[in-house]
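Have a look at the structure below, then the notes.
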Protein chains: 2
Amino acid sequence: MEELNKKILLVEDDPNFGTVLKDYLTMNEYTVVHAKNGMEGFEKFKKDDFDLCILDVMMPYKDGFTLAKEIREKNADVPIIFLTAKAMKEDVLKGYKVGADDYLNKPFDSEVLLMKIKAIMQRKATDSVADSKQFEFKIGKFDLNSKLRFLKFNGGEPVKLSPKENELLRLLALHENDLMPRELALTKIWRDDNYFTSRSMDVYIAKLRKYLKPDENVEILNIHGEGFRLVVNQNA
Amino acid sequence: MEELNKKILLVEDDPNFGTVLKDYLTMNEYTVVHAKNGMEGFEKFKKDDFDLCILDVMMPYKDGFTLAKEIREKNADVPIIFLTAKAMKEDVLKGYKVGADDYLNKPFDSEVLLMKIKAIMQRKATDSVADSKQFEFKIGKFDLNSKLRFLKFNGGEPVKLSPKENELLRLLALHENDLMPRELALTKIWRDDNYFTSRSMDVYIAKLRKYLKPDENVEILNIHGEGFRLVVNQNA
DNA sequence: TGTACCCTTTAACCTTACATTAACAAAAAT
DNA sequence: ATTTTTGTTAATGTAAGGTTAAAGGGTACA
């Protein structure tokens, strides 16, 4: 299950360490937003919804605890993991007071961090069924349920979609009536942009067109050399 | 939220350290049962209900991990904290695999332990409010009593379920009509996600399907690569 | 101290689901 | 006119799932 990548806010002022950590997490299927200090961290937090925050404690301007408090005021539930330079008792206690879910002493093992992230996400997973609406799309007379991977026509029998079909259609739906660049799908879904993945994508476009045939007001147009466009004609 | 004293099982072979720790926790309003080794620990665990287990990893006869696994078989939910002699990565990862909630490196600060205990108890308190009551499910024409582990069809004779059958069906029921991710069942019920546990789970799905056959409006669907979905068709 | 029983895992074999690649046709661009 | 890009169908190989049976392990009870 790596359906949607969870979004992580990483606030770390050391540019080298921060970048490496971000890349490592990205490699592990997480979407990471990296802020270089507490101020920036809070700005980014306000602008987006995160599944987890990883905060460095020692930072200029605004330390991790202060940031955590602000974050808690906005959202009492986001899990927070602190990165502390050393095992200072005061830090640890302070961290728990502001509602830390865990903390790690630098230097730490990246695998351990991953385990902690997984454990925490799972803990939260059960009660976050709330935002399931993000996976449901209306496309003309079709209903796409992108979480359960099926497509219904006129409220009838659902047709099962394969993972790739599903993700591609979802991406098209997200850009409904607008250009969905080839490159976007290839990097997001295929994670590689070359001749073969590109051909593979064309095959999937053909499959989707078949699925969408029942509604003649829905079609996938090609924009030569650019990408595809999911069009829904609204005739009254 | 002031409630009755939480009961803690402390398994620690060092008599001096164990006694001191027990006294310290007792002073802090916890009821502590102290076992001197893994064997004794498991005996005491079976005889009582605990809110938390604190297990030393290094113990003669039966180490903390082995004990944890046994405990998990009896009770999938008790929080477990490990005490490890040093920060060995393998130990930490192993701990998480058997479902640790936290771990502490000796020597540790007693106040830190207290905070962790509080944090964990609180966590359990909040998310167990949600689903602790849920041991009874109506699944189409079936009634599942997950506490007594039986399944009734049309109010008839109850069929006994094994622990794994029961937990799996319960998890599916909790996600009725929605995706129940493979990984969730594997980590929650099997406590490990590998090829074999995964196959084992498939075997259990087959068993459940047999049980559910009498009601043709109830079925367990597979979502390839994601998990399963317990569907109840409501036709009037 | 077996041995009968229950539960779980492992094995085996088969089916289905998916993604990629190939192959060839049709459009579009140059 | 010919090279690129796209449309579409079919073939292939691999991975995941379905199911049944046998093996393994623990427990209770004779």
Side-chain angles (χ1 to χ4, degrees), chain A residues 1-3 148-151 158-169 172 179-183 185-186 188-213 219-230, chain B residues 39 42-43 46-47 62 66-67 69-74 76 149-151 159-169 172 179-183 185-186 188-213 219-230:
Chain A
M1 194 253 304
E2 81 250 54
E3 171 63 39
L148 302 179
R149 290 209 326 244
F150 65 70
L151 185 67
V159 178
K160 287 211 247 178
L161 298 182
S162 87
K164 288 253 152 80
E165 292 166 354
N166 175 56
E167 291 199 61
L168 185 55
L169 184 52
L172 285 165
L179 171 67
M180 195 283 290
R182 253 198 128 75
E183 202 202 332
L186 291 175
K188 274 219 163 192
I189 302 176
W190 275 263
R191 292 179 183 278
D192 192 9
D193 182 348
N194 62 45
Y195 172 77
F196 292 106
T197 54
S198 191
R199 286 329 324 273
S200 191
M201 171 171 169
D202 289 331
V203 170
Y204 278 91
I205 291 286
K207 293 183 187 194
L208 291 182
R209 284 190 173 127
K210 253 188 206 166
Y211 288 136
L212 298 175
K213 214 153 224 168
E219 47 185 341
I220 299 176
L221 301 182
N222 173 253
I223 299 176
H224 201 92
E226 301 289 332
F228 294 91
R229 194 154 86 90
L230 175 66
Chain B
M39 232 77 85
F42 191 54
E43 290 311 312
K46 282 193 290 190
K47 289 207 185 80
K62 187 185 285 181
T66 313
L67 175 57
K69 264 187 221 157
E70 295 177 355
I71 287 177
R72 277 278 173 261
E73 279 169 26
K74 287 269 165 205
R149 292 212 323 252
F150 67 71
L151 185 67
V159 178
K160 283 208 253 178
L161 296 182
S162 85
K164 287 252 152 77
E165 291 166 353
N166 175 56
E167 290 199 63
L168 185 54
L169 185 52
L172 284 165
L179 171 68
M180 195 282 290
R182 255 195 126 75
E183 206 197 325
L186 291 175
K188 276 216 165 191
I189 302 176
W190 275 263
R191 299 269 149 205
D192 195 6
D193 183 346
N194 62 44
Y195 172 77
F196 292 106
T197 54
S198 192
R199 284 334 316 275
S200 188
M201 171 172 170
D202 288 332
V203 170
Y204 277 89
I205 290 287
K207 293 181 187 196
L208 291 182
R209 284 191 173 128
K210 259 186 203 164
Y211 288 135
L212 298 176
K213 212 153 225 169
E219 48 184 342
I220 298 177
L221 301 183
N222 173 252
I223 299 178
H224 199 97
E226 301 287 336
F228 292 91
R229 190 154 87 92
L230 176 66

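What you see is a predicted model; the values in this text were computed from it and never measured. Every chain is numbered from 1 and lettered A, B, ... according to where its sequence line falls, protein lines coming before strand lines.
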List in chain and number order the residues that pass side-chain hydrogen bond (donor to acceptor under 3.5 Å, both in side chains) with B:Thr66, two or more places apart in sequence or in another chain; answer none if no residue qualifies.
B:Asp63
Which pairs count as salt bridge (charged side-chain N to carboxylate O under 4.0 Å, His left out) when at least one residue sits in residues 198-212 of chain B, sequence neighbours excluded?
B:Arg182-B:Asp202, B:Arg199-B:Asp202
Closest approach of B:Leu230 to B:Ile220 (non-hydrogen atoms, all atoms of both residues)
CD1-CG1, 4.0 Å
Looking for any heavy atom pair under 4.0 Å, which part of the strands does A:Asp202 touch: base, sugar-phosphate only, or nothing?
base
Report yes if the side chains of A:Leu161 and A:Phe150 come closer than 4.5 Å at any heavy-atom pair, otherwise no.
no
On DNA chain D, reading 5' to 3', which nucleotide is the first and which the last to sit with an atom under 4.0 Å from a heavy atom of chain B, could you check?
D:dA16 to D:dT20
With sequence neighbours left out, write down each residue that passes side chain to side chain contact (heavy atoms under 4.5 Å, CB included) with A:Pro163, or none if nothing qualifies.
A:Arg149
Residue met sooner reading DNA chain D from 5', once B:Lys213 and A:Arg209 are mapped to nucleotides
A:Arg209
Set of side chain to side chain contact (heavy atoms under 4.5 Å, CB included) partners for A:Lys213, sequence neighbours left out:
none
Report yes if the side chains of B:Leu172 and B:Phe228 come closer than 4.5 Å at any heavy-atom pair, otherwise no.
yes
Test side-chain hydrogen bond (donor to acceptor under 3.5 Å, both in side chains) applied to B:Tyr204 - qualifying residues, sequence neighbours left out
none
Residues passing the side chain to side chain contact (heavy atoms under 4.5 Å, CB included) test with A:His224, sequence neighbours excluded, are A:Asn222
Identify, between B:Trp190 and B:His224, the residue whose nearest nucleotide on DNA chain C lies closer to the 5' end.
B:Trp190
Which sits closer to the 5' end of DNA chain D, B:Lys46 or A:Ile223, going by the nucleotide each is nearest to?
A:Ile223
If we only count heavy atoms from C-beta on, is the B:Leu179 to B:Glu226 side-chain gap below 4.5 Å?
yes
Contacts of A:Glu183 meeting salt bridge (charged side-chain N to carboxylate O under 4.0 Å, His left out) (sequence neighbours excluded), chain-then-number -> none
With a 4.5 Å limit on heavy-atom distance, are the side chains of B:Glu219 and B:Leu212 in contact?
no
Counting the atoms with a prime plus P, OP1 and OP2 as sugar-phosphate, which does B:Lys160 contact under 4.0 Å by heavy atoms, base, sugar-phosphate, or nothing?
nothing
Find the runs of at least 3 consecutive base pairs, i with j, i+1 with j-1 and so on, that include DNA chain C, using Watson-Crick or G-U wobble geometry with both distances under 3.5 Å.
C:1-30 with D:1-30
Test side chain to side chain contact (heavy atoms under 4.5 Å, CB included) applied to A:Thr197 - qualifying residues, sequence neighbours left out
A:Leu186, A:Trp190, A:Asp192, A:Asn194
Categorize B:Ser200 for me: base, sugar-phosphate, or nothing, with a 4.0 angstrom heavy-atom threshold over every strand shown.
base
Using a strict heavy-atom distance below 4.0 Å, which residues from residues 192-199 of chain A are in contact with DNA chain D?
A:Arg199
DNA chain C: first to last nucleotide in contact with chain B (atom under 4.0 angstrom from a heavy atom), 5' to 3', is C:dC7 to C:dC18
